[in-house]
Amino acid sequence: MSQQTTRDVLVLPGDGIGPEVMPWALAVLKRAAADAGTVINTDDALVGGIAIDQAGKALPEETLRKAKASDAVLFGAVGGVAWDGLPMAERPERGLLGLRSGLDLFANLRPALLFAPLAAASSLKSELVSGLDILIIRELTGGIYFGEPRGVVTEDNERKGFNTYVYRESEIERIARVAFDMAGKRGGRLCSVDKANVLEVTQLWRDVVNEVAVDYPDVDLSHMYVDNAGMQLVRAPKQFDVVVTGNMFGDILSDVAAMLTGSLGMLPSASLAANGQGLYEPVHGSAPDIAGQDKANPLATILSAAMLLRYSLELPAAADAIEQAVDRVLAKGLRTADIADAESRTVGTIEMGEAVLAELEQGAQ
Ligand code: IPM
Ligand code: MG
């Protein structure tokens, strides 16, 4: 009998539409991996609001332990109105932030790719976005989202809020290397985004990126202030290939870039550690307003499973097979409500998931 490779994936469906889209991503993941000779073992655990309700906190110890022991984590979404009133340190989002720091997932890859059949769904004119293919690389475990000290105190009879924007040069260097590597494998262009005209920490960012650039003579490096980058993204987005930036600027710019593609429901992401382990999640949130109604678009989570195969399991052909199956389903005119137009056939989560799985099975024959 031939030797089967087995890999362990921890599944964290979370809240809202997370549990609805996850079964399809898993079915597609297992099928594509099996076609490549790899068996995926899955286990699941609680995260987010459901973990608060059932285990008392957004990231139970057991979840983090299982995540650390896995080859990769597939994540749905967290949050919902039921938990909106909780203090910051207890909110469902803490589950995600805790996984990012607990697994040292410092490199967040957010592709903004326009699927040709969806050009009309963008908020920009289709000539500005057709063929759009940007990769935003966001530093994910440092910067102002994690900096200490932080808090709100009362001083001189008024409240004062503060956060700390801090980067060590080793943190900048490792994310810069990921970005140069990725740019080298794509269009060869890297734009580093900072606010070096105002913030010392981002002047250091710029200096370290320039120092790392010496090792990547084939990559064409440019720098841009974040305000200009926001403007350029909506003015002429195709000027960008790979963008690298810190945690907060990356959070904002990746939402802008996502909108250019027409639907948040289409966009996957990967958060990687230095050891190749990764957490894969759709860019969209838990969408409580449509949860439980068979309306959610499962494609972002399905495409996140493709990224998992590519980056953590090193099965690029299996990843390609999933992306091509999604392309073919869209080309046939199937759309969930978020990307529907007059000519398309609007389907629910289940029908979209079934269609991708069927295309994948056909593609393998
Ligand atoms: C994201 C989200 C998160 C972040 C929230 C939910 C904590 O906006 O992944 O972009 O700010 O990183
Ligand atoms: Mg965000």
Side-chain angles (χ1 to χ4, degrees), residues 12-18 21-22 46-52 57-59 63-64 67 73-112 134-147 150 163-167 171 175 193 226 229-230 233-234 243-261 263-273 278-289 291 300-301 303-304 307-308 311:
L12 303 176
D15 307 316
I17 59 173
V21 295
M22 191 56 86
L46 297 170
V47 74
I50 189 173
I52 294 172
K57 53 174 149 175
L59 181 61
T63 301
L64 184 58
V73 178
L74 193 58
F75 186 99
V78 292
V81 280
W83 307 283
D84 276 350
L86 290 175
M88 187 98 72
E90 293 167 31
R91 291 174 61 93
E93 289 83 351
R94 284 286 139 183
L96 183 54
L97 294 167
L99 283 164
R100 288 175 181 170
S101 59
L103 300 176
D104 205 11
L105 303 169
F106 71 94
N108 185 211
L109 276 43
R110 297 189 167 185
I134 304 177
L135 176 62
I136 298 204
I137 301 186
R138 167 187 178 193
E139 199 290 326
L140 202 58
T141 50
I144 194 165
Y145 286 16
F146 288 91
R150 62 194 295 160
N163 288 89
T164 302
Y165 194 165
V166 54
Y167 271 118
E171 291 176 295
I175 192 73
V193 172
V226 62
L233 267 177
V234 294
V243 172
V244 66
T245 188
N247 205 339
M248 178 169 61
F249 297 161
D251 187 17
I252 299 165
L253 294 181
S254 62
D255 267 27
V256 175
M259 196 57 224
L260 301 176
T261 70
S263 173
L264 218 48
M266 295 294 302
L267 296 179
S269 75
S271 304
L272 307 176
L279 179 144
Y280 299 82
E281 59 170 323
V283 170
H284 63 68
S286 59
D289 53 321
T301 313
L303 292 166
S304 299
M307 290 188 91
L308 187 158
Y311 294 111

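Order of listing sets the numbers, starting from 1, for every ligand and every atom in it. Numbering starts at 1 and runs along the sequence shown.
In terms of protein heavy-atom proximity, atom 1 (C) of ligand 1 is closest to Arg110 NH2, 3.3 Å. What sits closest to atom 10 (O) of ligand 1 on the protein, heavy atoms only, is Asp251 OD1, 2.9 Å. Nearest protein heavy-atom contact of atom 6 (C) of ligand 1 is Glu93 CG, 3.6 Å.
Contacts between His284 and ligand 1, counted as non-hydrogen atom pairs separated by less than 4.0 Å, are absent for every part of the residue. Within the 4.0 Å heavy-atom criterion, the part of Arg100 lying near ligand 1 is the side chain and not the backbone.
A side chain to side chain contact (heavy atoms under 4.5 Å, CB included) with Val47 holds for exactly one of Leu96, Val73, Asp15, Val78; it is Val78.
The distance from ligand 1 to the heavy atoms of Tyr145 drops below 4.0 Å at these ligand atoms: 11 (O).
In terms of polar-atom proximity, Glu281 is not counted as a contact of ligand 1, lacking any N or O under 3.5 Å from an N or O of the ligand.
No side-chain heavy atom of Val243 sits less than 4.5 Å from a side-chain heavy atom of Phe249. The closest side-chain heavy-atom distance from Val193 to Val244 is not below 4.5 Å. By the 4.5 Å heavy-atom criterion applied to side chains, Met22 and Thr301 are counted as neighbours.
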Verdict with supporting geometry, Ile52 and Glu90, side-chain contact (heavy atoms from CB on, under 4.5 Å): CA-CA 8 Å; Ile52 294 172; Glu90 293 167 31; 5.8 Å; no
Derivation of the side-chain contact (heavy atoms from CB on, under 4.5 Å) call for Val226 and Met248: CA-CA 10 Å; Val226 62; Met248 178 169 61; over 6 Å; no
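For Asp251, the N, O or S atom with the smallest separation from the Mg ion (ligand 2) is OD1.
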